[in-house]
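Here's the structure we're looking at; comments come further down.
We count residues from 1, following the sequence as given. Only heavy atoms go into these numbers, but all of them, side chains included; no hydrogens, no water, no symmetry mates.
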Amino acid sequence: MLPPLNASASSAGKLLSSFTFEVPQFQREYSWARDEVAEFWNDLRGSLEADSYFLGLVILTDKPERKLVVDGQQRLITLTLLATAIYFEAKLKNRMALAERIQADFIRSIDYDTDEIDPRLTLSDEVDNTTFQTILDIGEPPSGFHIAEDSVSRRMIDSYEYLRERLRDDLRSDPFKRLGKWADFLTNRLYFAVFIHPDSSSAYQVYEVINTRGKELTTADLLKNYVLSQTPDAKRVAVYEQWKQIARHFSDDSNSFVQYIRHAVTVESGHILPKDLFGFLAGRVKHTDRIPPSPQALMNILEKHLPLYRQMMDPTLPGPSQPEALGIFAALNSLSVIAVRPILLAAARGPDAINGMRYILRLVVRRIVVGSLGTGNIERRFGEAAKAAFDSGSWKVLQQDLKDLNPDRADFVSQMGRRSFKKGVLTFLRRSIVTGSMTPDDEGTLHFIWASQFPNWRSMSEEDGSYWGSTIGNTFLSVLDKRPSDADNWPAFKRSMLPHGIAGEWSDRLERIKEWDASAIETVGSSLAEAAAGVWY
């Protein structure tokens with residue numbers, strides 16, 4: 001059980017001048033952008049004449065040499081950047097005593113035993129801390145090395161430059177007086193509510209509790225927190241760097257990163273619901289039939305599956321896959337299907353992996369045509385099948401485990417000729433028919449032959465058009481991205497569009513059709529469905 005929290009109110013000057021602080025690795029990185037910093041600045045500037053202003057909650061936990069910031073780092077970093085801007089403006093205006101006071105209270109601490117000057121606030125990440133301390137040292141961002149856009153360092157630089165510009169605007173009317181007001185306000189009239197937790201070993205749990213009670217915290221943040229909390233001190237920096245290196249492949253998209261974690265865990269542990277992922281891995285949600293991987297095992301799992309998974313997300317990336325596997329990944333992406341990625345990860349590690357991946361792609365297309373992939377039960381079936389394939393070392397167990405999800409050919413043909421599909425699905429299916437391939441190239445633009453915006457198309461009733469308009473029979477793949485404006489009836493379509501069909505299109509067959517009506521679409525659709533069955537069966 002966590003010890004009770006001790007609460008007190010403290011001015012910003014008293015709080016920051018009393019301790020040194022560290023933002024630990026389990027914390028979220030600095031994330032404030034222009035909107036948040038502008039709101040922060042406007043709130044403070046609008047309160048300069050007030051007796052006091054409450055800046056919110058700060059939660060700290062003890063560490064022998066400094067306080068760990070469990071909650072409140074966004075405000076503390078931004079406040080330190082503002083204090084730095086005030087410090088350098090005070091020096092420029094020759095208010096040296098005020099500048100020294102601001103530096104001593106908010107920016108630097110003097111070790112009276114050694115005369116060394118230490119930062120009041122440090123960040124755990126080496127690169128970001130270098131950026132932060134450089135701003136505090138010279139009042140300018142570091143030069144001489146590239147700072148990536150949307151990085152933590154870039155956000156801190158942008159925040160500082162915004163605050164510096166707003167401060168300079170504010171000081172124009174009376175620099176001497178306004179600097180005094182700002183220094184007095186930050187030191188004496190700006191308040192935090194401060195909770196100090198006495199047990200530094202519980203910092204990770206405090207962080208989890210605080211940030212899952214009504215505040216937005218991503219599953220990735222919670223999982224990072226948990227993994228680091230279970231890592232010995234001597235290895236924590238290395239594991240933190242390992243986590244960052246894995247996470248950076250997901251372009252700051254925590255949702256896709258969490259999705260990867262869940263898929264990788266599913267391969268070896270079975271299906272886990274998204275809402276249960278953190279609870280399962282941290283031991284908060286008990287499963288009678290499975291045991292979560294240890295934090296170190298989780299890191300090994302994430303490292304192991306990452307190269308292949310990255311290629312599933314983007315088949316143009318380098319990695320371990322052969323060209324045929326990349327084509328399968330591209331096909332599944334065209335269909336917006338990601339639920340089978342755990343099965344692909346499992347199949348790839350066994351013999352005859354390509355045939356296993358082909359089997360999965362066939363099953364996916366057949367299910368899309370006949371039924372649906374968008375149910376939780378099917379995703380659960382896929383997850384359990386992935387674990388079975390991983391445990392057995394062979395994808396062939398899928399043939400039995402997923403047998404009931406595999407429709408027969410006659411049902412496939414019947415449904416494909418008559419069902420409406422989304423345009424992306426129709427594009428993929430038509431390309432597979434025209435090329436005779438399960439992994440067709442992204443060639444040609446799909447056009448609906450009849451469309452509701454063509455009033456001159458007198459052979460199609462509105463009712464028939466509504467039923468047949470989004471079926472496979474009413475489609476055509478053309479090298480033209482844009483349909484000519486005059487192709488608003490069947491003779492004009494034949495004249496303007498049929499000569500521009502991609503290689504293998506059914507232009508000659510369509511040319512022989514005299515009237516494009518519901519009967520023609522049904523007939524063409526039936527023929528296309530039979531051709532599709534030749535590819536997918």
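Between Leu186 and Phe106, the shortest heavy-atom contact is O-CZ, 3.5 Å. Taking all atoms of both residues into account, the shortest heavy-atom contact from Pro315 to Ala330 is CG-N, 3.7 Å. Shown here for Ile147 and Ser153, the closest heavy-atom pair between the two residues is CG2-CB, 3.8 Å. Closest approach of Ala386 and Ile343 over heavy atoms only: CB-N, 3.7 Å. Taking both residues in full, the closest heavy atoms of Leu298 and Pro293 are given as N-CB, 4.1 Å, listed atom of the first, atom of the second, then distance. Among all heavy-atom pairs drawn from Leu163 and Leu82, the shortest one is CD1-N, 3.9 Å.
Taking the ring axis of Tyr537 as reference, the NZ or CZ atom of Arg366 stays within 45° of it and closer than 6.0 Å to the ring centre. Judged by the 6.0 Å and 45° rule, Lys67 forms no cation-pi pair with Phe21. For the pair Arg430 and Phe428, the cation-pi test (distance below 6.0 Å, angle within 45°) is failed.
Pairs engaging residues 381-397 under the salt bridge (charged side-chain N to carboxylate O under 4.0 Å, His left out) rule: Arg290-Glu384, Arg381-Asp404, Lys387-Asp391 [sequence neighbours left out]. Residue pairs meeting the salt bridge (charged side-chain N to carboxylate O under 4.0 Å, His left out) criterion with at least one partner in residues 313-322, sequence neighbours excluded, do not occur; the list is empty. Screening residues 322-348 for salt bridge (charged side-chain N to carboxylate O under 4.0 Å, His left out), with sequence neighbours left out, gives Glu324-Arg358.
By the 4.5 Å heavy-atom criterion applied to side chains, Arg362 and Asn406 are not counted as neighbours. Residues Pro142 and Thr130 have side chains not in contact (no heavy-atom distance under 4.5 Å, counting atoms from C-beta outward). Leu405 has its side chain within reach of Phe382: a pair of non-hydrogen atoms, C-beta onward, lies under 4.5 Å apart. Residues Val239 and Arg236 fail the side-chain proximity criterion, which asks for heavy atoms closer than 4.5 Å. No side-chain heavy atom of Glu39 sits under 4.5 Å from any side-chain heavy atom of Asp35. With contacts defined as side-chain heavy-atom distances shorter than 4.5 Å, the pair Arg367/Ile378 qualifies. For the pair His305/Val267, a side-chain contact is recorded, criterion being any heavy-atom separation below 4.5 Å from C-beta on. In this structure, Asp441 and Thr435 have side chains that are not in contact, with every pair of non-hydrogen atoms separated by 4.5 Å or more.
Ile338 CD1 to Gln259 CD: the interatomic distance, rounded to the nearest 0.5 Å, is 3.5 Å. Between Thr80 atom OG1 and Ile135 atom CD1 the span is 11.0 Å, to the nearest 0.5 Å. Atom CD of Gln74 sits about 9.0 Å away from atom OG of Ser159, to the nearest 0.5 Å. Note that OG1 of Thr445 and CD1 of Ile502 are 9.5 Å apart. Values are rounded to the nearest 0.5 Å. To the nearest 0.5 angstrom, Glu126 atom CD is 8.0 Å from Glu241 atom CD. Atoms CZ and CD1, on Phe412 and Ile368 in that order, are 10.0 Å from each other to the nearest 0.5 Å.
Here the side chain of Tyr260 pairs a donor or acceptor atom with the backbone of Leu306 at under 3.5 angstrom. Proximity of a side-chain donor or acceptor of Tyr160 to a complementary backbone N or O of Gly139 within less than 3.5 Å is detected. For the pair Arg75 (side chain) and Leu55 (backbone), a donor-acceptor distance under 3.5 Å is present. Between the side chain of Ser151 and the backbone N or O of Ala148 there is at least one donor-acceptor pair closer than 3.5 Å. Looking only at distances, no side-chain donor or acceptor of Asp276 sits under 3.5 Å from a matching main-chain atom of Gly279. The main-chain N or O of Ala33 is found under 3.5 Å from a side-chain atom of Glu36 such that the two form a donor-acceptor pair.
A salt bridge between Asp158 and Arg155 is absent, with no side-chain N of the basic residue lying under 4.0 Å from a carboxylate O of the acidic one. Salt bridge status for Arg164 with Glu140: present, with a side-chain N to carboxylate O gap under 4.0 Å. Under a 4.0 Å N-O distance rule, the pair Glu268/Lys304 qualifies as a salt bridge.
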Q: Report the C-alpha distance between Thr122 and Val23 in whole Å, list the side-chain angles of each, state the deciding distance to 0.1 Å, and finish with yes or no for side-chain contact (heavy atoms from CB on, under 4.5 Å).
A: CA-CA 6 Å; Thr122 59; Val23 178; over 6 Å; no
Q.
Would Arg34 and Glu161 count as a salt bridge (charged side-chain N to carboxylate O under 4.0 Å, His left out) here? Give the steps.
A. CA-CA 10 Å; Arg34 177 62 62 89; Glu161 291 178 340; over 6 Å; no
Q: Give the intermediate values and the outcome of side-chain contact (heavy atoms from CB on, under 4.5 Å) for residues Leu57 and Phe192.
A: CA-CA 6 Å; Leu57 174 69; Phe192 289 101; over 6 Å; no
Q: Check step by step if side-chain contact (heavy atoms from CB on, under 4.5 Å) holds for Leu332 and Leu344.
A: CA-CA 11 Å; Leu332 291 167; Leu344 297 175; 3.6 Å; yes
Q) Passes side-chain contact (heavy atoms from CB on, under 4.5 Å), Val265 versus Phe280? Steps please. A) CA-CA 10 Å; Val265 169; Phe280 171 69; 4.0 Å; yes
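Using cut-offs of 30° and 60° for the angle between ring planes, the Phe250 and Tyr309 rings count as tilted. Aromatic ring pairs are classed by plane angle as parallel below 30°, tilted from 30° to 60° and perpendicular above 60°; the pair Trp395 and Tyr359 is tilted.
A side chain to side chain contact (heavy atoms under 4.5 Å, CB included) with Leu277 is found for exactly one of Leu222, Val258, Thr266, namely Val258. Shown are Ile157, Thr131, Thr134; of these, the side chain to side chain contact (heavy atoms under 4.5 Å, CB included) with Pro141 is made only by Ile157.
Remark: Lys235 pairs with Thr231 by the side chain to side chain contact (heavy atoms under 4.5 Å, CB included) rule, at least two apart or across chains. Residues satisfying the side chain to side chain donor-acceptor pair (under 3.5 Å) test with Gln133, not counting sequence neighbours, are Arg108, Asn129. Legend: residues meeting side chain to side chain donor-acceptor pair (under 3.5 Å) with Arg262, ordered by chain and number and at least two apart, are Glu379.
A donor-acceptor contact under 3.5 angstrom links the side chains of Trp536 and Ser432, judged on distance only.
Heavy-atom contacts from other residues, nucleotides or ligands closer than 6.0 Å to CD of Gln245 number more than 12.
Ring centers of Phe257 and Trp243: under 6.0 Å apart, within the cut-off.
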